[in-house]
S.K.: 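Have a look at this one.
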Protein chains: 2
Amino acid sequence: MNKLAIPSQLDTTILAETFRLLGDPTRLRILFFCLDEPRSVGDIATSLDLSQSLVSHHLRLLRGARLVRGNRQAKQIFYELADKHVSDMLVDMAHHVCEEGGED
Amino acid sequence: MNKLAIPSQLDTTILAETFRLLGDPTRLRILFFCLDEPRSVGDIATSLDLSQSLVSHHLRLLRGARLVRGNRQAKQIFYELADKHVSDMLVDMAHHVCEEGGED
DNA sequence: CCAACATATCAATAGTTGTTCATATGTATG
DNA sequence: CATACATATGAACAACTATTGATATGTTGG
């Protein structure tokens, strides 16, 4: 059973909203950087060579869509992917891009 | 083997480009509409209540990213998803949205 | 070749969004 | 409590993008 009814216009909008958030290189880099282990905002900014402000802004968007989740630890806040769905999808898509094979 | 190295900045950009294209409700609606069977531009426009021009514009973007593919049949051109990867991913994500379950 | 239809392209615009800089909030330590 | 550190928020701007309306290209039939 791989087919599905065409999603409602509302569902489509919600789905698009998620895709849209993934559709920015900076945000994707942040997500991949947090994929293996939780990372502090400062670590993200330094490692990815981004301003702290920019990282915070993006993290807020990602948080809003429940794509990441942050845990405070003393002064720092460590962010990680919100759930396995998200990380699995990222891994899948990364593989997809690497493969670049056209079947059919 | 579900882990992967962090994609290069270039790969990330390419990946983001794909996500970005999926991140528009109108384009997603077009994609879902073409999921089960090839659809003509006019059919898409009429069924989804979009201007012919708009549909053509979006189809061009989707074509550029090899997300859809068009076959001319007399005067009409029928568009369908480019390959199984794309359709599978759409189906997966649609399910993901419907489920809305948080594990962990 | 001309008319009618189907799709594509062009130019212009309104709305959105990523980024920056400045500033605020929150947290630990002396 | 004051200072330093870590993160978040706000305002402003430049760049981009979806949409529209008009027009062009391509295709079929008489």
Side-chain angles (χ1 to χ4, degrees), chain A residues 9-10 12-34 37-80 82, chain B residues 9-10 12-34 37-80 82:
Chain A
Q9 195 155 344
L10 176 62
T12 306
T13 301
I14 295 173
L15 187 54
E17 176 65 19
T18 304
F19 277 131
R20 194 180 60 77
L21 285 171
L22 298 174
D24 177 75
T26 304
R27 276 192 295 267
L28 262 191
R29 291 213 294 146
I30 292 174
L31 287 173
F32 276 113
F33 187 64
C34 299
E37 45 176 327
R39 308 276 194 172
S40 75
V41 179
D43 188 9
I44 298 172
T46 302
S47 302
L48 269 44
D49 195 36
L50 304 168
S51 79
Q52 177 267 315
S53 174
L54 184 55
V55 174
S56 247
H57 277 295
H58 283 307
L59 284 175
R60 177 151 73 135
L61 296 176
L62 295 172
R63 242 183 311 151
R66 301 185 180 271
L67 286 169
V68 301
R69 179 180 42 172
N71 297 318
R72 172 147 244 150
Q73 209 133 353
K75 284 194 255 190
Q76 296 175 311
I77 300 183
F78 290 81
Y79 281 91
E80 60 189 329
Chain B
Q9 194 155 345
L10 177 62
T12 306
T13 301
I14 296 173
L15 188 53
E17 177 64 18
T18 304
F19 278 131
R20 194 180 61 78
L21 285 170
L22 299 174
D24 177 76
T26 303
R27 276 193 295 267
L28 263 190
R29 291 212 295 145
I30 292 174
L31 287 174
F32 276 114
F33 187 65
C34 299
E37 44 176 328
R39 307 278 194 172
S40 75
V41 179
D43 189 10
I44 299 172
T46 301
S47 302
L48 269 46
D49 195 35
L50 304 169
S51 79
Q52 178 267 318
S53 175
L54 183 55
V55 173
S56 248
H57 276 295
H58 283 307
L59 284 175
R60 176 151 73 136
L61 297 176
L62 295 172
R63 243 184 309 153
R66 300 185 181 272
L67 287 169
V68 301
R69 180 180 41 171
N71 296 317
R72 170 147 245 149
Q73 209 134 352
K75 283 194 256 191
Q76 296 175 311
I77 300 183
F78 289 81
Y79 281 91
E80 60 189 329

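Lettering of chains follows the sequences in order, A, B, ..., and the numbering in each one begins at 1. Please read these numbers as outputs of a predicted model, since none were measured by experiment.
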S.K.: Base, sugar-phosphate, or nothing for A:Q76, non-hydrogen atoms under 4.0 angstrom?
M.R.: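 Contact class for A:Q76: sugar-phosphate only.
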
S.K.: Considering residues at least two apart in sequence or located in another chain, which fulfil the side-chain hydrogen bond (donor to acceptor under 3.5 Å, both in side chains) criterion with B:H58?
M.R.: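 For B:H58, the residues satisfying side-chain hydrogen bond (donor to acceptor under 3.5 Å, both in side chains) (neighbours in sequence not counted) are B:R27.
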
S.K.: When rounded to the nearest 0.5 angstrom, what is the spacing between CG in B:L31 and CG in B:D24?
M.R.: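 Rounded to the nearest 0.5 Å, the CG-CG separation comes to 10.0 Å.
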
S.K.: What integer distance in Å separates B:F78:CZ from D:dT27:P?
M.R.: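 Spelled out: CZ on B:F78 to P on D:dT27 is 15 Å.
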
S.K.: Is it the case that D:dA8 (base atoms only) and A:Q52 (side chain only) share a donor and an acceptor within less than 3.5 Å, ignoring hydrogens and angles?
M.R.: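 Donor-acceptor pair under 3.5 Å: yes.
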
S.K.: Between the two end axes of the helix from C:dC1-D:dG30 to C:dG30-D:dC1, each built from 5 base pairs, what angle do you get to the nearest 10°?
M.R.: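 Result, rounded to 10 degrees: 30°.
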
S.K.: Taking all heavy atoms of A:P25 and all of B:T12, pick out the closest pair and write down the distance.
M.R.: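 Smallest interatomic distance, heavy atoms only, reads O-CG2, 3.7 Å.
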
S.K.: Distance-only check: which donor-acceptor pairs under 3.5 Å involve side-chain atoms of residues 43-56 of chain B, not counting sequence neighbours?
M.R.:
unit_1 : atom_1 : unit_2 : atom_2 : d
B:D43  : OD1    : B:S47  : OG     : 2.8
B:T46  : OG1    : B:G42  : O      : 3.0
B:S47  : OG     : B:D43  : O      : 2.9
B:S51  : OG     : B:L54  : N      : 3.0

S.K.: If I take atom CZ in residue B:R60 and atom C1' in nucleotide D:dT17, what distance separates them, rounded to the nearest angstrom?
M.R.: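 Rounding to the nearest Å, CZ of B:R60 and C1' of D:dT17 are 13 Å apart.
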
S.K.: Would you please name every residue forming a side-chain hydrogen bond (donor to acceptor under 3.5 Å, both in side chains) with A:R63, sequence neighbours left out?
M.R.: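 side-chain hydrogen bond (donor to acceptor under 3.5 Å, both in side chains) check on A:R63 returns A:Y79.
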
S.K.: Rounded to whole Å, how long is the line connecting atom CG of A:L62 with atom P of C:dG18?
M.R.: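 For the pair A:L62 CG and C:dG18 P, the rounded distance is 10 Å.
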
S.K.: When the distance from CZ of A:F19 to C1' of D:dA18 is rounded to whole Å, what number comes out?
M.R.: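 Spelled out: CZ on A:F19 to C1' on D:dA18 is 19 Å.
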
S.K.: Measuring to OP1 and OP2 of D:dC16, would you say a side-chain N or O of B:R20 lies under 4.0 angstrom away?
M.R.: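 B:R20 to D:dC16 OP1/OP2: no side-chain N or O under 4.0 Å.
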
S.K.: Judged by atom type as modelled, is there a donor-acceptor pair below 3.5 Å linking the side chain of A:R39 to the main-chain atoms of A:V41?
M.R.: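 Side chain of A:R39 to backbone of A:V41: no pair is present.
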
S.K.: Hey, does B:Y79 reach any base, or is it just sugar-phosphate, or nothing, if we go heavy atoms under 4.0 Å?
M.R.: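 Counting heavy atoms under 4.0 Å across all strands, the contact made by B:Y79 is with sugar-phosphate only.
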
S.K.: To the nearest Å, give me how far apart CG (A:L28) and P (C:dG18) are.
M.R.: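 In whole Å, C:dG18 P lies 12 Å from A:L28 CG.
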
S.K.: Looking only at heavy atoms, which two atoms of A:L28 and B:F19 are closest? And how far apart?
M.R.: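 That would be CD1-CD1, 3.9 Å.
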
S.K.: Quick one: pull up CG in B:L67 and OG1 in B:T18 and give me the separation to the nearest 0.5 Å.
M.R.: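 These two atoms lie 6.0 Å from each other.
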
S.K.: Crowded around B:Q9 CD? As in, over 12 foreign heavy atoms under 6.0 Å?
M.R.: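 No, not enclosed.
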
S.K.: What is the distance, rounded to the nearest whole Å, between atom CG of A:L59 and atom P of D:dA8?
M.R.: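 Rounding to the nearest Å, CG of A:L59 and P of D:dA8 are 6 Å apart.
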
S.K.: Working to the nearest 0.5 angstrom, can you tell me the gap between A:C34 SG and A:L62 CG?
M.R.: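 Going from the SG atom of A:C34 to the CG atom of A:L62 covers 8.5 Å.
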
S.K.: Within the sub-3.5 Å range, which N or O atoms of nucleotides 19-21 of chain D have a protein N or O partner, and how far apart are they?
M.R.:
unit_1 : atom_1 : unit_2 : atom_2 : d
D:dT19 : OP1    : B:T26  : OG1    : 3.0
D:dT19 : OP2    : B:T26  : OG1    : 3.4
D:dT19 : OP2    : B:H58  : NE2    : 2.6
D:dT20 : O4     : B:H57  : NE2    : 3.4
D:dG21 : O6     : B:S53  : OG     : 2.7

S.K.: Do A:R69 and A:E80 touch side chain to side chain, with heavy atoms closer than 4.5 Å?
M.R.: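 Side-chain contact under 4.5 Å: yes.
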
S.K.: Check the distance between D:dA6's C1' and A:R39's CZ and give it to me in whole angstrom.
M.R.: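 The distance from CZ of A:R39 to C1' of D:dA6 comes to 18 Å, rounded to the nearest Å.
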
S.K.: Along nucleotides 24-30 of chain C, 5' to 3', which nucleotides get a B, which get an S, and which get a -, given that the test is a protein heavy-atom distance under 4.0 Å?
M.R.: --SBS--

S.K.: Could you state the atom-to-atom distance from CG of B:L61 to P of C:dC10 in whole Å?
M.R.: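 Distance check: B:L61 CG to C:dC10 P gives 13 Å.
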
S.K.: Would you compute the distance between atom CG of B:L21 and atom CZ of A:R20 and round it to the nearest 0.5 angstrom?
M.R.: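 One gets 14.0 Å once the value is rounded to the nearest 0.5 Å.
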
